[in-house]
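In what follows, every chain begins at residue 1, and chains take the letters A, B, ... in the order their sequences are listed.
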2 protein chains.
Amino acid sequence: MTEKLDSIDLTILRILQNDSKKTNKEIATALNLTISPVYERIKRLENDGYIKKYVAVLDKKLLNYPVTAICMVSLRYHNEGFIDKFEQQIKELPEVQECYHMAGKVDFFLKINMKSLDHYHDFVRLKLSNISNIGVLESYFVLKEIKQSTEYVI
Amino acid sequence: MTEKLDSIDLTILRILQNDSKKTNKEIATALNLTISPVYERIKRLENDGYIKKYVAVLDKKLLNYPVTAICMVSLRYHNEGFIDKFEQQIKELPEVQECYHMAGKVDFFLKINMKSLDHYHDFVRLKLSNISNIGVLESYFVLKEIKQSTEYVI
DNA sequence: GGTGAAACCTCGCTGTC
DNA sequence: GACAGCGAGGTTTCACC
């Protein structure tokens with residue numbers, strides 16, 4: 001494991017989290033380096049876990065997933081076992097893109113993408129409701145996506 | 001612009017949204033095709049906008065951004081001009097990773113990553129508060145990230 | 001930790017069916 | 001729309017600094 005990242009590492013990460021198709025050559029040029037050190041630093045950043053994965057970001061609208069819901073869930077019981085069980089069940093639902101365990105009145109935030117409100121209705125009725133221990137479930141619908149990114153300000 | 005995607009297109013998109021480093025050769029093998037059609041389909045999917053970009057997903061914890069907040073904002077005034085102005089100002093804040101205009105009582109959901117609660121405090125005090133027209137601002141903190149993905153169930 | 005070059009492989013394209 | 005095959009260029013490695 002590495003201890004610290006220097007400014008070259010950070011620049012590489014900044015470039016890759018914006019466009020992972022940049023070649024080592026392009027990155028090397030931007031950094032006034034040769035290809036080899038860039039190659040080796042990227043390998044190190046991958047192996048040390050700084051870079052988790054490389055993904056293609058798709059267009060939700062074109063793929064016909066226009067409905068996004070934010071769902072706030074509160075559990076009925078809060079024992080460790082119940083919480084772990086809930087988390088496990090949520091992980092297995094591919095429709096749930098994001099899920100966070102929260103501090104405060106609401107226990108979980110979920111972000112869910114759907115083809116239509118009917119699909120969302122079915123999802124809540126057939127899948128979410130099958131998860132026991134849900135006390136309160138409130139759905140909010142997205143009117144417009146202002147911003148969606150995976151970048152960090154590093 | 002293309003009208004419809006066939007099952008080969010969907011398989012390619014499924015593969016790439018999970019791992020964009022897969023080579024055309026690997027994808028071709030998985031699909032029992034040669035490289036050329038895979039190459040041409042991906043080019044088409046990029047040009048038609050189905051694939052928006054390729055990014056590296058970084059590890060928040062290792063980069064020392066352990067604090068994630070969900071922020072719910074309600075505006076004071078809801079004229080078109082005010083809403084557009086607010087959206088514009090949010091877009092310019094790199095700390096805000098996601099922002100959605102919502103239907104209902106709350107106007108906007110924001111997801112924000114920070115190095116510490118102190119940084120979050122400064123962010124709210126110095127940046128968010130500088131945005132006029134914010135009526136109500138409620139912050140919820142993430143205890144644990146259960147799931148975070150950019151994939152769609154296509 | 002960087003350089004530069006060699007070996008290898010994939011990409012990106014063209015012609016053909 | 002898919003196949004075959006090629007030259008260019010990217011990836012990977014290594015000896016050297």
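- Between B:Tyr120 and B:Phe141, the distance from one ring center to the other falls under 6.0 angstrom.
- Per the geometry, NZ belonging to B:Lys43 stands 7 Å off P belonging to C:dC13, to the nearest Å.
- B:Val73 and B:Val124 fall within the same hydrophobic cluster, where Ile, Leu, Val, Met, Phe, Trp and Tyr residues are linked whenever their side-chain heavy atoms come under 4.5 Å apart, directly or through other members.
- Atom-to-atom, NZ of A:Lys21 to P of C:dT10 comes out at 14 Å; the value is rounded to the nearest Å.
- Salt-bridge check for B:Lys127 with B:Glu95: passed, with a basic side-chain N closer than 4.0 Å to an acidic carboxylate O.
- Atom-to-atom, CD of B:Glu46 to C1' of C:dG12 comes out at 12 Å; the value is rounded to the nearest Å.
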Applying salt bridge (Lys or Arg N to Asp or Glu O under 4.0 Å), run through B:Lys4 and B:Asp9 and close with a yes or a no. CA-CA 9 Å; B:Lys4 247 346 217 172; B:Asp9 291 326; over 6 Å; no

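- Rounding to whole angstrom units, CZ of residue B:Arg44 and P of C:dG12 are separated by 17 Å.
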Residue pair B:Glu145, B:Lys60: steps toward the salt bridge (Lys or Arg N to Asp or Glu O under 4.0 Å) verdict
CA-CA 11 Å; B:Glu145 185 184 301; B:Lys60 184 158 53 183; 2.5 Å; yes

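- Between A:Ile12 atom CD1 and C:dG2 atom C1' there is a gap of 13 Å when expressed in whole angstrom units.
- Residues of residues 34-42 of chain A having a heavy atom closer than 4.0 Å to DNA chain D, listed by number: A:Ile35, A:Ser36, A:Tyr39.
- Note on B:Lys144 versus A:Glu87: salt bridge recorded, some NZ/NE/NH1/NH2 to OD/OE distance being below 4.0 Å.
- Going from atom CG of A:Asp6 over to atom P of C:dG1 covers 8 Å, rounded to whole Å.
- Ion pairing between B:Lys52 and B:Glu46 fails under the 4.0 Å rule for side-chain N and carboxylate O.
- Look at NZ on A:Lys25: it is 14 Å from C1' on C:dA5, rounded to the nearest Å.
- First and last contacting nucleotides of DNA chain D toward chain B (any atom under 4.0 angstrom from a heavy atom, 5' to 3' order): D:dA2 to D:dG5.
- Between B:Lys53 and A:Asp59 no salt bridge is recorded (no basic side-chain N to carboxylate O distance below 4.0 Å).
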